[in-house]
Amino acid sequence: MTSTLARPEQGTPPATPSAAPRRRTGLTLARFDLKASPYLYIAPFFVLFAVTGLFPLVYTLVVSMHDWPLLQGQGEFVGFDNFAAVLGDRFFWNSIGNTLSIFLISTVPQLTIALVLAAILDQHLKARTFWRMSVLLPYVVTPVAVALIFSSVFSEDSGLVNNLIGLVGIDPIEWKHDVLASHVAIATMVNWRWTGYNTLILLAAMQAVPRDLHESAAIDGAGASRRFFSITIPSIRPTVIFVIITATIGGLQIFAEPRLFDVSNAGGIGGAQRQFQTTVLYLWEMAFFRQDFGRAAAIAWLLFLLIVAIGLVNFGISRRIASVEGNRLNRRARRQLAAHRRGNR
Amino acid sequence: MTAPAPTPVMPVRLAGADETAAEHPRPRKRRVGGSGVALRPGFLSYGLLLAWVLGTAYPLWWSFVVASGTNATRGETLPLIPGGNFLANAARVLDAIPFWLALGNSIIVSSVITISVVTFSTLAGYAFAKLRFKGREGLLVFVIATMAIPTQLGIIPLFIVMRELGWTGTLGAVIIPTLVTAFGVFFMRQYLVGVIPDELIEAARVDGANQIRTFFTVAVPAARPAMAILGLFTFMMAWTDYLWPLIVLSPQNPTLQTALGQLQSGYYVDYSIVLAGAVLATLPLLILFIAAGRQLISGIMQGAVKG
């Protein structure tokens, strides 16, 4: 790469000493420099991305249409047989159900709590940086470490949670065997790590909301919660959509947490009855335990389509709800703001 | 520090209005001084925040307490005081997994990926932000669209290729798939489009600087803060990755995450060792967090506003 860049660089100096000789040979090189440089700058990204990002995704489709055992390699072309097999596989649907369930149990409370925390942090707190850092702390614990910690916290024999609920007389819960309980446990790990991160994103958006809006609404007698729902939420709508979409992309790809939650049963494929096997975990099992690359590739593509579909649905819903609400409220808020400003002058 | 000083101020609305009117022309972004009395936090705010922070920090502290105790410590209901066995348990972690090798591997992998992502993102981000060329808009849309594509789903062809090349088990196989990210390019573009005035680039050109010189003398100095933030995030992303290293590396030559996963794999789980491993592996990032936490926070918050 450097060698290609070096050529125009050496060619230009004749133009440098004074402005006069610009018209001569330097000009063509300078023009070449001007025209070609942008492409040279973006080339490394596009070339590497094509090789490491795009090609694998497309080639996944090729693999999915072949018989392709892990050891023997490429076999016969089978068309959409692998897709049909996966779509008729109850373990696949089980994994989709688990993924969606964990995704919902994690995303909804996480966003709610993040909104509340962000609203609290949006005030004039003392020791602002301290609070922000404290909220973000769990983010530095890697998902693997999170899984180890919470696998122990949710351990069925004298784990922290069962000990604590024992204090108030609740019987121990089978966190690793019960379907819903295991989903709650895994969602807790996701929430624990990501709530603070999303809080800060929402906080940033809240700080961009003009203070005047709040103040004029307060003068009009709107209480804190009223202002939260009528001003803050509509104003930060694009950020909320952004957070929901990133949560979707990430949430549907959970792997480390279910993989390591209970390894002693069934070797870490998501529980003895696959009660918390997510789709990526199933993909991994299909590829490297059952060694069927063709089907694993089909799972990868189906998951990809699912992520895109849910992303679009999310986007559509949150946009429509927010824009209907937002437009009305924003218009009102703007009127109030204008009235407030007029009053001041 | 943890006990917040009570703020007895009740929301007094009229006073708030006067205050705002008085200091209205102040820039909106920095709200250090107190306007908007109505937004002043009370006991409830501090109480909720403190409860959340303590509640989320406790599992981490609990891990350390159990890791420094015996397997019996875990049976206690709400243990708070660490025991004296942490070093002994940590030593058993070092026996069970190739910890130092894994740590070294993680540092190499994350550093190489970070340098590569930051370099290529800055180059491409600068071109997209400040240079005019045919197809710029279309290519930028392409970058944005690919940001949402979960490239991890391409692991099967990647594995096939790595095996063909005989690279499985090597660090190169972990590094290569993440040498560039669409997010990085977009992030740098968003940052640079605002911070470098076009006149500055024009001035450099009039002075006779060629494109690459302009890049190094004008763009890179301006991009430095964003490069630091992108570097921080890329490092964390590479450091935390688990699925791909698990697939492509052997247990004998792991990264820190895959090595840590091995601790969990025994048929009998000794939690004091597992948690000692979790604590050991968290320490490097904890140190990074204490050193660079402010940048991390401002990075997240900037990314939110711009992204």
Side-chain angles (χ1 to χ4, degrees), chain A residues 5 9 12 15-16 33 37-38 41-42 44-45 48-49 52-53 56-57 59-60 63 120 123-126 131-134 138 140-145 148-149 152-153 158 160 163 192 200-201 204-205 208 211 215 218-219 239 249 253 255-256 260 263-264 287 293 296-297 300 304 307 344, chain B residues 4-5 13 17 20-21 34 36 38-41 45 48-49 53 56-57 59 62-63 74-75 77 120 123-124 127 131 133 150-151 153-154 156-158 177 179-180 185 208 210-212 240 242-243 257 260-261 264-265 267 269 271 274-275 278 281-282 285-286 289 293 297 300-301 304-305:
Chain A
L5 283 180
E9 192 178 16
T12 344
T16 322
D33 180 34
S37 290
Y41 297 175
I42 62 171
F45 167 75
L48 283 170
F49 188 79
T52 63
L57 215 56
Y59 202 64
T60 303
V63 177
I120 293 177
Q123 302 165 307
H124 295 289
L125 290 180
K126 295 201 161 67
W131 290 115
R132 289 180 186 177
M133 282 185 75
S134 309
V140 304
V141 185
T142 67
V144 171
L148 298 192
I149 291 170
S152 179
V153 164
S158 65
L160 179 62
N163 287 343
W192 187 73
L200 291 185
I201 290 184
R211 292 290 124 175
E215 280 149 9
I219 292 164
T239 310
I249 296 171
Q253 295 183 80
F255 175 75
L260 293 169
V263 181
S264 40
F293 271 15
F304 173 64
I307 291 173
N344 273 339
Chain B
R13 279 169 195 137
T20 354
L39 300 174
R40 207 158 275 173
S45 293
L48 280 176
L49 202 53
V53 167
T56 49
W62 177 82
S63 307
R74 209 170 56 91
T77 303
F120 294 140
L123 262 176
L131 303 182
F133 56 95
T151 45
L153 295 182
I156 287 164
L158 277 178
L179 281 177
V180 291
V185 174
N210 56 34
Q211 292 282 320
I212 195 73
T240 54
Y242 177 60
L243 176 59
Q257 305 309 316
L260 205 55
Q264 186 85 319
S265 304
Y267 55 93
V269 183
Y271 281 108
V274 169
L275 290 174
T282 302
L285 281 189
L286 209 57
F289 180 64
I297 289 171
I300 293 171
M301 294 181 64
V305 175

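First the proteins, then the strands, lettered A, B, ... as listed; each starts at 1.
A heavy-atom distance below 4.5 Å is not found between the side chains of Tyr242(B) and Pro143(A). The side-chain heavy atoms of Ile201(A) and Ile300(B), taken from C-beta on, include a pair separated by under 4.5 Å. Considering only heavy atoms from C-beta on, Tyr59(A) stays 4.5 Å or farther from Ile156(B) through its side chain. At least one side-chain heavy atom of Thr142(A) sits under 4.5 Å from a side-chain heavy atom of Leu285(B). No side-chain heavy atom of Val274(B) sits less than 4.5 Å from a side-chain heavy atom of Ser152(A). Leu275(B) places a side-chain heavy atom less than 4.5 Å from the side chain of Ile149(A).
Considering every non-hydrogen atom in both Ala127(B) and Ile42(A), the closest pair reads CB-CG2, 3.7 Å. Closest heavy-atom contact between Gly154(B) and Pro56(A): O-CB, 3.5 Å. Closest heavy-atom contact between Pro44(A) and Val180(B): O-CG1, 4.4 Å. Minimum interatomic distance between Met133(A) and Ile297(B) (heavy atoms only, all atoms of both residues): CG-CD1, 3.4 Å.
Contact tally against chain B (heavy-atom pairs below 4.5 Å) for Leu160(A), Ile307(A), Thr60(A): the top residue is Leu160(A). Ranked by non-hydrogen atom pairs under 4.5 Å with chain A, the options Leu48(B), Thr282(B), Thr56(B) are led by Thr56(B). The choice from Val185(B), Leu286(B), Leu153(B) that makes the most heavy-atom pairs within less than 4.5 Å of chain A is Leu153(B). Between chain B and the options Leu125(A), Ile249(A), Val63(A), the largest number of non-hydrogen pairs under 4.5 Å is found for Leu125(A).
Contact of Leu260(A) with chain B is made through backbone and side chain together, with heavy-atom distances under 4.5 Å. Contact annotation for Phe45(A): both backbone and side-chain heavy atoms come within less than 4.5 Å of a heavy atom of chain B. Heavy-atom distances place both the backbone and the side chain of Val153(A) under 4.5 Å from chain B. Heavy atoms of Leu48(A) lying under 4.5 Å from chain B belong to its backbone as well as its side chain. Both the backbone and the side chain of Pro38(A) come within less than 4.5 Å of a heavy atom of chain B.
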- Query: Do Leu148(A) and Leu260(B) pass the side-chain contact (heavy atoms from CB on, under 4.5 Å) test, and can you show the C-alpha distance, the side-chain angles, and the key distance before you say yes or no?
  - Reply: CA-CA 9 Å; Leu148(A) 298 192; Leu260(B) 205 55; 3.6 Å; yes

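A donor-acceptor pair under 3.5 Å is absent between the side-chain atoms of Gln211(B) and the main chain of Ser37(A), judged by distance alone.
The CG atom of Leu49(B) lies 5.0 Å from the CH2 atom of Trp131(A); values are rounded to the nearest 0.5 Å. Between atom CG of residue Leu158(B) and atom CG of residue Leu57(A) there is a gap of 10.0 Å, rounded to the nearest 0.5 Å.
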